Amino acid sequence: MSPGLNDAHNHLHDERLRPYRERIMEDVAKEGILRMVVNGSSESDWPEVIEMTCHPQVIASFGYHPWYVSERTAEWQSVLIRSLEQVPSGIGEIGLDRWIKDFDFKQQQEVFAWQLRLAAERNLPASIHCLQAWGTLLETLRNEPRPACGFVLHSFGGPVEMIEPLTRLGAYFSLPGYFAHERKRRQREKFRHVPLERLLIETDAPDQLLPEESVQYPLTNPTSGKPLNHPANIGAVYRFAAELLEMPMEQLAQQIESNFKKVFGGLIKS
């Protein structure tokens, strides 16, 4: 029997997916998706992430995304801890981002470091977002405690030269279907340098769409009319990864299953 599929990072709770949620979960079951890590971004959406845990495939993750740190309340740390204690969960999506220039980077660093320390203290997997801040991220990971179970670099786009030092620190590198676009050739080629035992695969649904010809499960935003990424497209991302890495699909799925369990095994529902 072939192993099932694991999505290391998505946002199933996103408001844009709400009208389709029942259909989405039917497609997820049909596609043989065993697990998906559903990442919150701020206090405002953590309750919705908890709601998603009614689905057996869902592993919750709670964190303050760097884009939203300025919105946090005075109680955000206690709210995060309470969320973590309600359901088995990781910490994410957290991280650092210099791509959007309007954000207070010092605040980002403080919030990220606190959440990373919390992940280490509780040995919970952390899902990390990083854009144009790789040097600072590496320095922070070297200087702060890290979870023994490891951490996930969501949609990894950092320098090839950092793969080896990040691996030594406990990193897993997650490949999105978005990198199948021809304009993302440089980003996807980096994954040829990632150790197979540190590879994960993600949709980042409803964002980071695959090329149109690879989309197996199309969705449209009912408000804007723009396409959305369906979580069940993870199968198409696996196929893209198998082609990129020149691996048989079953061998890849077995490897991802093993890797996923090493990071998220403590949160998997029996």
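The structure presented is a predicted model; accordingly, all values stated were derived computationally and were not measured.
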- Message: Can you confirm whether Glu182 is buried at CD, in the sense that more than 12 heavy atoms of other residues, nucleotides or ligands lie under 6.0 Å from that atom?
- Response: yes
- With side chains defined as the heavy atoms from C-beta onward, is the minimum distance between Asp27 and Tyr20 less than 4.5 Å? no
- Steps toward side-chain contact (heavy atoms from CB on, under 4.5 Å) verdict (Lys226, Thr220): CA-CA 6 Å; Lys226 294 180 179 178; Thr220 303; over 6 Å; no
- Of the non-hydrogen atoms in Ala8 and Phe264, which two are nearest, and what is the gap between them? O-CZ, 4.4 Å
- Any chance you could measure Phe191, atom CZ, to Leu199, atom CG, to the nearest 0.5 Å? 7.0 Å
- Same apolar cluster (I L V M F W Y, side chains within < 4.5 Å links), Leu34/Ile268: no
- Task: For Gln86 and Thr53, run side-chain contact (heavy atoms from CB on, under 4.5 Å): C-alpha distance rounded to whole Å, both residues' side-chain angles, the deciding distance at 0.1 Å, then the answer.
- Result: CA-CA 10 Å; Gln86 286 190 57; Thr53 61; over 6 Å; no
- Note on the structure: Nearest heavy-atom approach of Asp45 to Gly40 is OD1-CA, 3.5 Å
Please list, one pair per line, the donor and acceptor atoms closer than 3.5 Å that link side chains of residues 155-164 to other protein atoms, with sequence neighbours excluded.
unit_1, atom_1, unit_2, atom_2, d
Ser155, OG, Glu202, OE2, 2.8
Ser155, OG, Gln208, NE2, 2.6
Glu164, OE1, Arg168, NE, 3.4
Glu164, OE1, Arg168, NH2, 3.1
Glu164, OE2, Arg168, NE, 2.6

- Query: Yes or no on side-chain contact (heavy atoms from CB on, under 4.5 Å) for Lys261 and Asn6, after CA distance, side-chain angles and deciding distance?
  - Reply: CA-CA 10 Å; Lys261 285 181 174 178; Asn6 294 278; over 6 Å; no
- Within 45° cone and under 6.0 Å: Arg98 NZ/CZ vs Phe105 ring: yes
- Does a sphere of radius 6.0 Å around CD in Gln132 hold more than 12 heavy atoms from other residues, nucleotides or ligands, not counting ones at 6.0 Å or beyond? yes
Please set out all donor-acceptor pairs under 3.5 angstrom arising from side-chain atoms of residues 209-219, sequence neighbours excluded.
unit_1, atom_1, unit_2, atom_2, d
Gln216, OE1, Arg239, NH2, 2.7
Tyr217, OH, Glu31, OE1, 2.8

- Message: Between Arg21 (side chain only) and Leu12 (backbone N and O only), is there a donor and an acceptor less than 3.5 Å apart?
- Response: yes
- What is the distance from atom SG of Cys130 to atom CG of Asp97, rounded to the nearest 0.5 Å? 7.5 Å
- Item | From CG (Leu17) to CZ (Arg23), nearest 0.5 Å | 10.5 Å
- Message: Within this structure, what is the CZ-CD1 distance for the pair Phe260 and Ile201, rounded to the nearest 0.5 Å?
- Response: 11.5 Å
- Message: Between Asn39 and His11, does the side chain to side chain donor-acceptor pair (under 3.5 Å) criterion hold? Intermediate values first, please.
- Response: CA-CA 6 Å; Asn39 290 263; His11 301 274; 5.5 Å; no
- Message: salt bridge (charged side-chain N to carboxylate O under 4.0 Å, His left out) for Glu43 and Arg82? Distances and angles first, verdict last.
- Response: CA-CA 11 Å; Glu43 289 162 271; Arg82 284 199 302 273; over 6 Å; no
- Item | Results of salt bridge (charged side-chain N to carboxylate O under 4.0 Å, His left out) for Arg18 - residues two or more places apart only | Glu15
- Task: Keeping the roles fixed (side chain from Arg146, backbone from Gly170), state whether a donor-acceptor pair exists under 3.5 Å.
- Result: no
- Message: Side chains of Asn229 and Thr203 only: does a donor on one sit below 3.5 Å from an acceptor on the other?
- Response: no
- Message: Does Glu110 form a salt bridge (charged side-chain N to carboxylate O under 4.0 Å, His left out) with Lys106? I'd like the steps, not just the answer.
- Response: CA-CA 6 Å; Glu110 292 169 357; Lys106 188 172 184 297; 2.6 Å; yes
- Message: Using the side-chain hydrogen bond (donor to acceptor under 3.5 Å, both in side chains) criterion, which residues pair with Asp207? Sequence neighbours excluded.
- Response: Arg16
- Task: Please lay out, stage by stage, how Arg188 and Tyr178 fare under the test side chain to side chain donor-acceptor pair (under 3.5 Å).
- Result: CA-CA 9 Å; Arg188 68 174 174 261; Tyr178 185 62; over 6 Å; no
- To the nearest 0.5 Å, atom OH of Tyr238 lies from atom CG of Asp7 at 8.0 Å
- Taking Ser44 for the side chain and Ser42 for the main chain, is one N or O donor matched with an acceptor at less than 3.5 Å? no
- Backbone of Ile91 reached by a side-chain donor or acceptor of Gln115 within 3.5 Å: no
- Among all residues two or more places apart in sequence or in another chain, which pass the ring-ring contact (aromatic ring centres under 6.0 Å, His included) test with Tyr68? His65
- Item | Leu5 to Gly235 - nearest heavy-atom pair and separation | CD1-CA, 3.7 Å
- Go through Leu116 and Leu141 one step at a time and tell me if the side-chain contact (heavy atoms from CB on, under 4.5 Å) criterion holds. CA-CA 8 Å; Leu116 185 63; Leu141 290 167; 3.8 Å; yes
- Partners meeting salt bridge (charged side-chain N to carboxylate O under 4.0 Å, His left out) with Glu189 (sequence neighbours left out): Arg192
- Note on the structure: To the nearest 0.5 Å, atom CD1 of Ile234 lies from atom CG of Asp204 at 10.5 Å
- His154 and His129 aromatic ring geometry - parallel, tilted or perpendicular at 30°/60° bounds: tilted
- Minimum heavy-atom distance Leu124-Cys149, with the two atoms named: C-SG, 3.6 Å
